[in-house]
Protein chains: 2
Amino acid sequence: MQPLRLIPLGGLGEIGKNMMLFEHGDDGMIVDVGIMFPENDMLGIDYIIPDFQYAVDRIQEGLTIHGIVVTHGHEDHTGAIGHVLDAIPAPVYATSLTAGLLEVKMRQSGHADHPLHVFKAGDTLALGPYSVETFHVCHSIPDGVGLGINTPIGLVVHSSDFKFDHTPVDGWPPDFAKLAEFSQRGVLALLSDSTNADREGWTPSETVIDAAFDSVFQAAEGRIIVATFASLISRIQQVATATQRYGRKMAVAGFSMAEYIKVATRLGYLNLPKDLLISIDQAKQMAPHQVVIMATGTQGEPSAVLGRLAWGSHRQLEVEPGDTVIMSAHPIPGNEELVHRTINKLIQRGANVIYDPIAPVHVSGHARREELKLLLNLIRPKFFIPVHGELRHLRQHSLLAQQVGIPAEHIAVVENGTEITLTPDSLTVGERVPGGYVFVDGKGVGDVGPIVMRDREILGRDGFVTALVLIDKDTRELVEPPEIISRGFVYLREATDLIEMAQELIEDVVADHSKGNLTTAIQDALAKMFYNETKRRPMTFAFVREV
Amino acid sequence: MQPLRLIPLGGLGEIGKNMMLFEHGDDGMIVDVGIMFPENDMLGIDYIIPDFQYAVDRIQEGLTIHGIVVTHGHEDHTGAIGHVLDAIPAPVYATSLTAGLLEVKMRQSGHADHPLHVFKAGDTLALGPYSVETFHVCHSIPDGVGLGINTPIGLVVHSSDFKFDHTPVDGWPPDFAKLAEFSQRGVLALLSDSTNADREGWTPSETVIDAAFDSVFQAAEGRIIVATFASLISRIQQVATATQRYGRKMAVAGFSMAEYIKVATRLGYLNLPKDLLISIDQAKQMAPHQVVIMATGTQGEPSAVLGRLAWGSHRQLEVEPGDTVIMSAHPIPGNEELVHRTINKLIQRGANVIYDPIAPVHVSGHARREELKLLLNLIRPKFFIPVHGELRHLRQHSLLAQQVGIPAEHIAVVENGTEITLTPDSLTVGERVPGGYVFVDGKGVGDVGPIVMRDREILGRDGFVTALVLIDKDTRELVEPPEIISRGFVYLREATDLIEMAQELIEDVVADHSKGNLTTAIQDALAKMFYNETKRRPMTFAFVREV
């Protein structure tokens, strides 16, 4: 029997971008099509997409992708849909909220008419030889599913992002029965979410937030501004309930959140009391103690609503003494500085800012160690592949699995791009397929690589200098004093001495030059002088012409 | 009676850089001369020093600085000593370890002969009208002190950085008796460390780390590499003890740590068993299970030892499967990404990496909420000024103080540069003195301001383009196709189309140009075309000459 091959696509970096290719002979399917957000030192990059060239090549060789199953509506699972469909026009499968969010992206990327099949958690999808049993999971967006994938060689369970919340806001607990049933049938392999694999205990239920909101709402005498992720529908529901309970009205600031609320309300995932929603303009007419404002911008993004409020650049709203701001989110690693700066700015404007750890106004959507062990013990898989996490999380998840009795040689800790081969009796880690990060920068997809990134780093640190050197071809003397253009190096208005030194240096180099490349000689002399004078290393260029 | 004025110097940003000016009439003193490290978006900046121009101006007007007291040896309290002494040549006072570390900096900055007075915790310093009673505090470097400053209007207690560790590694607990005695005499104002004011409970004692080290050492079969801060002498002592207990030898990698160990050993703050220390070369000759390597680089700095080990660029050492790496430090906010990347890289090389929360191998050096309340209740000050923290920490500390009974109007939450006026009966918050961040970049101190920083941000994001446009002054036609130099914008080798488009565009602009500035016209046309084609906004320049 042919083996099953799993290839987590994406860059060769250590960070999971969620796109998994299943291959059995020439029959393939894909789970999720996520993007990754750039780290602080990836200057100018908008986002990063998985490197799926391998899949494209395999399709050329005869592989059929029977379907793309998207497990939930978060960007790190949906964001690359347009890029993927451009190259791999396979039918897409998603639950109703996820599909509603995918539709928008597909329309924007010119795939409005592409087949998008809506299913309900519990449905079974027939994707070529794969029979995919979907099951409900709890996460920080409604309508997420995990997958029980019946492959020709056995059952592979993919948890996707999940937590075991016994009291979720939407009243829809995890499908334990299905997991137990999988276990009875025998599970060949489990792929499970590793995001919180280094965090002890259980992730608290979403409902613990209710109590925290209640005490903040009770104490607040002025306006309440709640910032959270636009897609965190259950949190919006919780705020709406508290708003109603305290006789306030709710206004929504931020286009993306308003869009999510519209889609989620239309599809029945959000149930807002009648007359609760008001416009920002209406909110401004009301007494502060009657108003709650929902906003985006929990990651300190300067252009999002909360950022604009903090820096005083919002068109309609201003933060005032007496306002209470609830940060109902944690900083995503890398955003801490910006988030803290935003909080400080809001405090500076007189707001009382409530954030974790001051009060438990946010909980994670990902399972911690006790939950991960529970899933492993519920499923009792023969083989285990930790997914969704940095290498350090995958490794911790692997150690957990060993604690609950899975032998180390039955576990594959791999990075993106590494092929895993499964048979009914074996798990083998293969080679890495070629590929790397694919950066999206403006209209460019993949054109910005290591060289451009290194140049950006140098330019960002020390700037550049360019000199125009015109030489009289007869006299070999300078036609005019060299013109210098520089940015990001020194403050030019206060660096006239340095510019004059540069001009004199160029004159000397031109006068003394006898052999070799004059352009290089000028550039080298300038770079050396700049470093000696400033201990900085701007990129240095010269245009040299005889005229 | 004249009031006492306190001015926390430094930028007007929200982050504390530790330098406090005390003024009573024309009598002044300074506590600490710290630097701050740049945030991720402060491109190219080496470090930031306090803006002490206000103090310099006041000295011109007759203020005498009777002394600069440095409370402990950390960079955020010592790092600006050279810059400060250049402008304010007042005598410096420090305990012996702190003085040992200051000496190095003073020598490097040309102040080797400047008066540096060494005192012992418990000594009283006579600084003009100020009688400064020093007292021992526990912190993450030995020999730290707090100050009881007897001023002409009353006793002001400055905690500096501290925690209440009942079982410190050096066996020297906090001086509770002195604090109680201050309280009996009556304390006009308390200045206290706010770093952990949003963390519940008590910071664990340094000794909890011993148990964690013990279990890691017991389990490790190969080499052990312990990374920590170079100045964390007590941690080095703990590692030395564990090394000895498990019959291993210890090598030190990293110049700064070796220097700290030398100074601390000479001054008696570090007590290493005889024959424990070996060289890196000796370590390489020994069996892995006999070796412990102490290293710097816990913040993921690519040029420090741990960074080099992670990226495989260390001259002498390589991380191998079987190695255990202990990260005995927490990421400083803003460094999380780099630290996590370092951990992932070490795991990729086969190391078992132990870090908090996997095991409690680090504890903070700063007091948490219960300790802060204890200090407030021990001291019972009339007025309270939270120091050392971002605005959000200062505010939480203020709320804590109110919980223990200090009225809100007796508390001043201020940012750097804001004048505080104390009389025996009142505390008044005044104006901000002019000033801002002073960036140090290479040799430049304060020359890099907002304009250069903004240019670096743009260059780092989208790069630049410069065109050379030579026009025949008779025919008005281009002498040659425009030469384009660009970096950080697109990968030039693959962007030949774009370059040709730019050249043709320049030709068109030159041909069509009739009035106005041709350089501006070319620059604007290029910028517009680049944005349309790429959705990026490189800085765009042109050198235009008629020849």
Side-chain angles (χ1 to χ4, degrees), chain A residues 14 39-41 43-44 198-200 333-334 336-338 340-341 343-345 347-348 353 357-358 390-392 395-396 415 441-444 447-449 451-452 455-464 466 468 470 483 485 487-491 494-495 533-536 539 541 543 545 547, chain B residues 14 39-41 43-44 198-200 333-334 336-338 340-341 343-345 347-348 353 357-358 390-392 395-396 415 441-444 447-449 451-452 455-464 466 468 470 483 485 487-491 494-495 533-536 539 541 543 545 547:
Chain A
E14 58 272 31
E39 304 197 11
N40 278 314
D41 55 1
L43 299 172
D198 61 2
R199 306 289 302 274
E200 286 295 346
E336 291 84 353
E337 276 181 357
L338 218 48
H340 295 159
R341 219 185 284 169
I343 293 173
N344 289 328
K345 283 278 169 196
I347 292 172
Q348 214 177 41
V353 186
I358 289 172
E390 300 172 34
L391 197 49
R392 63 199 178 100
R395 191 181 148 81
Q396 285 303 312
E415 295 180 90
D441 177 5
K443 279 191 187 171
D447 71 320
V448 170
I451 292 173
V452 175
D455 288 347
R456 286 182 183 178
E457 193 193 321
I458 298 171
L459 288 169
R461 200 171 54 219
D462 287 332
F464 78 94
T466 311
L468 174 64
L470 295 181
E483 185 185 342
I485 291 179
R487 292 290 186 284
F489 167 43
V490 292
Y491 186 48
E494 289 174 2
E533 291 297 316
T534 67
K535 297 287 176 221
R536 300 177 198 167
M539 290 191 141
F541 307 93
F543 288 108
R545 289 292 184 280
V547 292
Chain B
E14 57 272 32
E39 304 197 11
N40 278 316
D41 56 1
L43 300 171
D198 60 3
R199 306 289 303 271
E200 286 296 345
E336 291 85 353
E337 276 181 357
L338 218 49
H340 295 159
R341 220 185 285 170
I343 292 173
N344 289 328
K345 283 276 169 198
I347 292 173
Q348 214 175 42
V353 186
I358 290 172
E390 300 172 34
L391 196 50
R392 63 198 177 102
R395 191 182 148 82
Q396 286 302 313
E415 294 179 89
D441 176 6
K443 279 190 186 172
D447 72 319
V448 170
I451 292 172
V452 176
D455 289 347
R456 287 182 181 177
E457 194 194 320
I458 297 171
L459 288 169
R461 200 170 53 216
D462 288 331
F464 78 94
T466 311
L468 174 63
L470 296 181
E483 186 185 341
I485 291 179
R487 290 291 186 281
F489 167 44
V490 291
Y491 186 49
E494 290 175 359
E533 292 297 314
T534 65
K535 296 287 173 220
R536 299 176 199 166
M539 289 189 140
F541 307 92
F543 289 108
R545 289 292 184 279
V547 292

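It should be emphasised that the depicted structure is a prediction, and the values quoted were computed from it without experimental measurement. Each chain gets a letter, A, B and so on, in the order its sequence line appears, and its residues count up from 1.
For chain B, the nearby part of Arg536(A) is the side chain; its heavy atoms alone come within less than 4.5 Å. Looking at Phe541(B), only its side chain comes within 4.5 Å of chain A, counting heavy atoms on both sides. Only the side chain of Val547(A) comes within contact range of chain B, with at least one heavy atom under 4.5 Å from a heavy atom of that chain. Interface remark: Leu470(B) contributes side-chain atoms only to the contact with chain A (heavy atom separation under 4.5 Å). At a 4.5 Å heavy-atom cutoff, the contact between Thr466(A) and chain B is made by backbone and side-chain atoms alike. In this structure, chain A has no heavy atom under 4.5 Å from any part of Glu200(B).
Within the model, atoms CZ of Arg456(B) and CG of Asp462(A) stand 6.0 Å from one another, a figure rounded to the nearest 0.5 Å.
Heavy-atom pairs under 4.5 Å with chain B peak, among Gly444(A), Gly334(A), Gly460(A), at Gly460(A).
Checked against side-chain contact (heavy atoms from CB on, under 4.5 Å), Glu483(B) has the following partners two or more places apart in sequence or in another chain: Phe543(A), Arg545(A), Leu468(B), Ile485(B). Applying the side-chain contact (heavy atoms from CB on, under 4.5 Å) criterion to Glu336(B), with sequence neighbours excluded, gives Glu336(A), Pro331(B), Pro333(B), His340(B).
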Apply the test side-chain contact (heavy atoms from CB on, under 4.5 Å) to residues Leu391(A) and Gln348(B): give CA-CA distance (whole Å), side-chain angles for both, the deciding distance (0.1 Å), then the verdict. CA-CA 8 Å; Leu391(A) 197 49; Gln348(B) 214 175 42; 3.9 Å; yes

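Remark: the backbone N or O of Asn344(A) is not paired with any side-chain donor or acceptor of Glu390(B) at under 3.5 angstrom.
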